[in-house]
2 protein chains.
Amino acid sequence: MESQDLRKAGLKVTLPRIKVLEILESAQQRHMSAEDVYKALLEMGEEIGLATVYRVLTQFEGAGLVSRLSIEGGHAVFELEDGSHHDHLLCVRCNQIEEFIDEVIEQRQRAIAAEKGFQMTDHSLYIYGICRNCQS
Amino acid sequence: MESQDLRKAGLKVTLPRIKVLEILESAQQRHMSAEDVYKALLEMGEEIGLATVYRVLTQFEGAGLVSRLSIEGGHAVFELEDGSHHDHLLCVRCNQIEEFIDEVIEQRQRAIAAEKGFQMTDHSLYIYGICRNCQS
DNA sequence: AATATAAATGAAAACCTTTCTCATTTACAC
DNA sequence: GTGTAAATGAGAAAGGTTTTCATTTATATT
């Protein structure tokens, strides 16, 4: 029942929003660009404009329903927010994305922010590399 | 004697390259976007095209003279390469950038990449927050 | 159930940073 | 000095994202 999530987020329940949420929840890939979502909608037979996809994703981000990753190379990808913070490993060959959490790193980051007098609001850590499959 | 640095890097010694290097070395801000460099050149009375600034910065990056930081929000900033790897703390209010190194984090990153079967090529860590000055 | 109103949408244009094209100029090797 | 490959400038193009504005839609109100 996606409508509930939308309502809870203070967003009107509209077809584009329902469909985008559906895509994100049922997609085989957890990380999708706006373009990916747009194409998935088309395949689903929904004629929703790309501008609307961008708007909806941005609103979802504001509402805490998704997070935006600003990958190197310009375009952003989105993932459903599940409450668990994590960082990312990106394959520079196949663009596959893996997630990881490391409490030691988290802790060190907090310590560094404190040390420098920063009130930390966020952080982003990307490890770039060649994944197992692409090393052959 | 910037010409030496350029020659060593295998780059022809041209006015745009000398001037861009001069800007980077003498700038009050260590982190500059292509646009920043371009404007500084104009103020200096040098009529160097923006496209050239981009080209020169990209070549400098290739030559190891500067590093490119891909800050969230689209545009890149460059810093003179001094051989020391480091990560960055960014103030979300005033955009000031501080640098830090943490060997524990570096180590954990290597360990995580290895664990996931990734051959690490690079990594980027940004801590976002409000700096001491902006907290008042 | 009908209506009013503010919000959401679609399509296309605008934006912004960065890259490319191509004719012209320049640095450097000979 | 001269030739040649490389570098430059100006503007066009690219690519992802946002904005504009007229039209449609969801929801609160009668």
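Values below: all heavy atoms of this structure, side chains included; hydrogens, waters and symmetry mates excluded. Below, chain A is the first sequence line, B the second, and so on; all start at residue 1. Note that the structure is predicted; figures quoted are calculated from it, not measured.
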Cluster membership besides A:V104, Ile/Leu/Val/Met/Phe/Trp/Tyr side chains within less than 4.5 angstrom, sorted by chain and number, is B:V104
Heavy-atom side-chain proximity of B:H86 to B:E79 below 4.5 angstrom
yes
* Side-chain contact, heavy-atom cut-off 4.5 Å: B:E99 with B:H31? -> yes
Sidechain-backbone polar pair: B:R17 side chain, B:K12 backbone, donor-acceptor under 3.5 Å = yes
Axis-to-axis angle across the helix from C:dA1-D:dT30 to C:dC30-D:dG1, five pairs each end, nearest 10 degrees, ~ 30°
What residues 11-35 of chain A contributes to the DNA chain C interface at heavy-atom separation below 4.0 Å is A:K12, A:T14, A:P16, A:R17
_CA sep, side-chain torsions, deciding dist, call: B:R110, B:E103, salt bridge (Lys or Arg N to Asp or Glu O under 4.0 Å)_ = CA-CA 11 Å; B:R110 286 192 292 270; B:E103 203 38 59; 3.2 Å; yes
DNA chain C nearest-nucleotide lookup for A:I48 and B:R55: closer to the 5′ end is A:I48
Taking for B:T52 and for A:V53 the nucleotide of DNA chain C with the nearest heavy atom, the one nearer the 5' end belongs to A:V53
### Query
Contact class for B:R7 (heavy atom, under 4.0 Å): base, sugar-phosphate, or nothing?
sugar-phosphate
Self-check item: Mutual orientation of the aromatic rings belonging to B:Y126 and B:Y128 [parallel < 30°, tilted 30-60°, perpendicular > 60°]
Solution: tilted
- Indicate yes or no: at least one non-hydrogen side-chain atom of B:V20 is less than 4.5 angstrom from one of B:F60. yes
Rounded to whole Å, OH of A:Y38 lies from C1' of C:dA11 at a distance of 10 Å
Bounded by its outermost nucleotides with an atom under 4.0 Å from a heavy atom of chain B, the footprint on DNA chain D reads D:dA5 to D:dG11
Rounded to whole Å, CG of A:L41 lies from P of C:dT9 at a distance of 12 Å
To the nearest angstrom, the CD-C1' distance between A:Q59 and C:dA7 comes to 10 Å
message = Less than 4.5 Å apart, side chain to side chain, heavy atoms only: is that true for B:L65 and B:E81?
response = no
Identify every side-chain donor-acceptor pair in residues 129-136 of chain A under 3.5 Å, counting partners at least two apart or on other chains, and give the distances.
residue : atom : partner : partner atom : Å
A:Q135  : NE2  : A:I130  : O            : 2.9
A:Q135  : NE2  : B:G117  : O            : 2.8
A:S136  : OG   : A:N133  : O            : 3.3

The salt bridge (charged side-chain N to carboxylate O under 4.0 Å, His left out) partners of A:R108 (sequence neighbours excluded) come to B:D102
Student check: side-chain heavy atoms of A:I97 and A:Q29 closer than 4.5 Å: no
